[in-house]
2 protein chains.
Amino acid sequence: MLICCMTFDRKNSAGYVVNLMARLFARHLEAGIRPLGLGTGVFPALLMLWEKDGVTQRDLVDALEIEQPTMANTLSRMERDGLITRRRDETDGRVQRIWLTDKARALETKATGAANAVNAKALAGLSPGQQKQFMDLMRRVVATLDHSR
Amino acid sequence: MLICCMTFDRKNSAGYVVNLMARLFARHLEAGIRPLGLGTGVFPALLMLWEKDGVTQRDLVDALEIEQPTMANTLSRMERDGLITRRRDETDGRVQRIWLTDKARALETKATGAANAVNAKALAGLSPGQQKQFMDLMRRVVATLDHSR
DNA sequence: AAGCATTGCATAGCATACTATGCAATAATA
DNA sequence: TATTATTGCATAGTATGCTATGCAATGCTT
């Protein structure tokens, strides 16, 4: 049934639903990792660093598609909170290399567990095939937006 | 091919991809509506108000699933920028009713056009059937997260 | 009616994200 | 080698979003 002058149905707008979904994911993840002293913003950087630390800020910016000042700010908070140390590169005076503290290393299992739990909870209403479809569709949308300007 | 100790593959994590996708959507929408003097944060409120103004802050908070202090802050910016006026309800001294200015009304066509353009661009790589699937899957995930915890 | 609970909104404080800009170190070029 | 361009990072300023909290107006209970 059509309503007369409705020009924009937000619940049928991809952008609106994507934003809402992202905020809901963030709220749930926040609740899961707050007991660990972590916030959602540090999570992507930690994922990279758990895999391999000693990388540069630039490496994180490129891999995570986060703007450089955002990453600088996030790393400052992580340093303040004792999750990383920054040491200047020996051969290039511009570069800061990022190293995890033992404290940050010790959080990996619990933190990724919390993230896995949120993902599982969020996708619980979808069949395994639909979950794969959902991920695939999202990755294609991301690729489209990444390469369009 | 499996890599030895990788415990968390972010590009296969729903939460990570959702967050990235939402930031990309926001960047594109921001670029589209900035020439109108709008930001992404005011957009959901404007969508509601274009449909019907004279509603309360509480109405917006409930419909948009945005926390009340966030909405109060957003409405303050909108008032500062001449998009809305707030008038106290005549029968209930607690309530502020929100009214659009002519300036805000005049932006509806261009702003929703920009949002439609972003949505179209984002979904351009999907078939019409896949677009419907994508929206349906997202709405189901939103519903799941809405009703859990 | 008095006292308590609820509701609607504002404020404080912070995290996360952006653009614009500056600066120092290095690289490239003339 | 001197100049210019590029690169890596930091800072400033702002928007968007959250939790915690306070307060005034209203509603409820006795």
Side-chain angles (χ1 to χ4, degrees), chain A residues 15-16 19-35 37-46 55-62 64-81 83-84 86-98, chain B residues 15-16 19-35 37-46 55-62 64-81 83-84 86-98:
Chain A
Y16 176 83
N19 173 267
L20 172 58
M21 181 171 62
R23 287 188 294 108
L24 292 174
F25 262 94
R27 286 183 200 174
H28 283 265
L29 180 60
E30 172 82 21
I33 63 180
R34 171 185 287 209
L38 301 176
T40 59
V42 306
F43 210 85
L46 279 176
V55 299
T56 70
Q57 186 186 111
R58 178 89 189 132
D59 294 330
L60 298 176
V61 164
D62 287 342
L64 300 175
E65 301 186 54
I66 285 169
E67 296 301 319
Q68 176 267 322
T70 301
M71 184 55 70
N73 186 17
T74 300
L75 291 173
S76 291
R77 273 184 282 117
M78 293 174 74
E79 193 171 36
R80 179 200 66 188
D81 296 339
L83 296 170
I84 59 163
R86 293 194 256 202
R87 278 204 295 276
R88 199 157 289 285
D89 186 277
E90 308 208 335
T91 68
D92 188 336
R94 294 167 298 185
V95 173
Q96 296 266 21
R97 297 206 167 266
I98 317 292
Chain B
Y16 175 83
N19 173 267
L20 172 57
M21 181 170 62
R23 287 188 295 107
L24 293 174
F25 263 95
R27 286 183 199 174
H28 283 264
L29 180 60
E30 172 82 22
I33 62 180
R34 172 186 287 210
L38 300 177
T40 59
V42 306
F43 210 86
L46 279 176
V55 299
T56 70
Q57 186 187 110
R58 179 88 189 132
D59 294 330
L60 298 176
V61 163
D62 287 342
L64 300 175
E65 299 185 55
I66 285 171
E67 296 301 319
Q68 176 268 320
T70 301
M71 183 55 71
N73 186 17
T74 300
L75 291 173
S76 291
R77 285 195 322 270
M78 293 174 74
E79 194 170 34
R80 179 201 65 190
D81 297 340
L83 295 170
I84 59 162
R86 291 194 257 202
R87 278 204 294 277
R88 199 158 289 285
D89 185 278
E90 308 209 335
T91 67
D92 188 335
R94 293 167 298 185
V95 174
Q96 296 266 20
R97 298 207 166 266
I98 317 291

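Chain letters run A, B, ... following the sequence lines, proteins first, then strands; residues in each count from 1.
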Does the side chain to side chain contact (heavy atoms under 4.5 Å, CB included) test come out yes or no for Arg23(B) and Ile66(A), once each step is laid out? CA-CA 9 Å; Arg23(B) 287 188 295 107; Ile66(A) 285 169; 3.8 Å; yes
Qualifying residue, where the test is side chain to side chain contact (heavy atoms under 4.5 Å, CB included) with Arg86(B) and the options are Met78(B), Arg97(B), Gln57(B):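 In the set Met78(B), Arg97(B), Gln57(B), the residue that makes a side chain to side chain contact (heavy atoms under 4.5 Å, CB included) with Arg86(B) is Gln57(B).
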Nearest-Å distance for atom pair [atom1]/[atom2], residues [X] and [N]:
{"X": "Ile66(B)", "N": "dC9(C)", "atom1": "CD1", "atom2": "P", "value": "15 Å"}
{"X": "Leu60(B)", "N": "dG17(D)", "atom1": "CG", "atom2": "P", "value": "13 Å"}
{"X": "Asp59(B)", "N": "dC9(C)", "atom1": "CG", "atom2": "C1'", "value": "13 Å"}
{"X": "Glu67(A)", "N": "dC18(C)", "atom1": "CD", "atom2": "C1'", "value": "7 Å"}
{"X": "Ile98(A)", "N": "dG8(D)", "atom1": "CD1", "atom2": "C1'", "value": "11 Å"}
{"X": "Met71(B)", "N": "dT19(D)", "atom1": "CE", "atom2": "C1'", "value": "17 Å"}
{"X": "Leu24(A)", "N": "dG17(D)", "atom1": "CG", "atom2": "C1'", "value": "13 Å"}
{"X": "Phe43(A)", "N": "dA17(C)", "atom1": "CZ", "atom2": "P", "value": "13 Å"}

Under 4.0 Å between any heavy atoms, over every strand shown, what does Thr56(B) touch: base, sugar-phosphate, or nothing? Just pick one.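 Sugar-phosphate contact only - Thr56(B) comes under 4.0 Å of backbone atoms but never of a base.
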Please lay out, stage by stage, how Met21(A) and Leu24(A) fare under the test side chain to side chain contact (heavy atoms under 4.5 Å, CB included). CA-CA 5 Å; Met21(A) 181 171 62; Leu24(A) 292 174; 5.6 Å; no
Which sits closer to the 5' end of DNA chain D, Arg34(A) or Ser76(A), going by the nucleotide each is nearest to?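 Whichever sits nearer the 5' end wins; that is Ser76(A).
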List the residues meeting side-chain contact (heavy atoms from CB on, under 4.5 Å) with Pro69(B), not counting sequence neighbours, and say none if there are none.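 With sequence neighbours excluded, Pro69(B) shows a side-chain contact (heavy atoms from CB on, under 4.5 Å) to Glu67(B), given in chain and number order.
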Test side-chain contact (heavy atoms from CB on, under 4.5 Å) applied to Arg94(B) - qualifying residues, sequence neighbours left out: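 side-chain contact (heavy atoms from CB on, under 4.5 Å) check on Arg94(B) returns Asp92(B).
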Under 4.5 Å between any side-chain heavy atoms of Thr74(B) and Phe43(B), yes or no?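 No, side chains not in contact.
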Enumerate all atom pairs, one protein N or O and one N or O from nucleotides 13-15 of chain C, separated by less than 3.5 Å.
| from | atom 1 | to | atom 2 | distance (Å) |
| --- | --- | --- | --- | --- |
| dA15(C) | OP1 | Arg80(A) | NH2 | 3.1 |

Ignoring the backbone of Asn19(B), work out which of dC18(C), dA20(D), dA17(C) is nearest its side chain.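 Of the candidates, dA17(C) comes closest.
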Tell me, please, which residues at least two apart from Asp81(B) pass salt bridge (Lys or Arg N to Asp or Glu O under 4.0 Å).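 If we apply the salt bridge (Lys or Arg N to Asp or Glu O under 4.0 Å) test to Asp81(B), skipping adjacent residues, there are no hits.
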Val95(B) or Gln68(A), whichever maps to the more 5' nucleotide of DNA chain C: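 That would be Val95(B).
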For [X] and [N], is the shortest distance between a side-chain N/O and OP1 or OP2 below 4.0 Å?
{"X": "Arg58(B)", "N": "dC9(C)", "value": "no"}
{"X": "Arg86(A)", "N": "dA10(D)", "value": "yes"}
{"X": "Gln57(A)", "N": "dA10(D)", "value": "yes"}
{"X": "Gln96(B)", "N": "dA10(C)", "value": "yes"}

Interface polar pairs with nucleotides 25-29 of chain C, N/O, under 3.5 angstrom:
| from | atom 1 | to | atom 2 | distance (Å) |
| --- | --- | --- | --- | --- |
| dA25(C) | O3' | Gly93(A) | N | 3.4 |
| dT26(C) | OP1 | Gly93(A) | N | 2.8 |

Glu30(A): partners by side-chain hydrogen bond (donor to acceptor under 3.5 Å, both in side chains), with sequence neighbours left out: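 Residues passing side-chain hydrogen bond (donor to acceptor under 3.5 Å, both in side chains) with Glu30(A): none at all.
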Using every non-hydrogen atom in the two residues, find where Gly15(B) and Phe25(A) come nearest and quote the distance to one decimal.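 The pair with the smallest heavy-atom distance is CA-CD2, 3.5 Å.
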Side-chain donor-acceptor contact under 3.5 Å, Ser76(B) with Asn73(B):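 There is no such pair (donor and acceptor under 3.5 Å, judged by atom type) between the side chains of Ser76(B) and Asn73(B).
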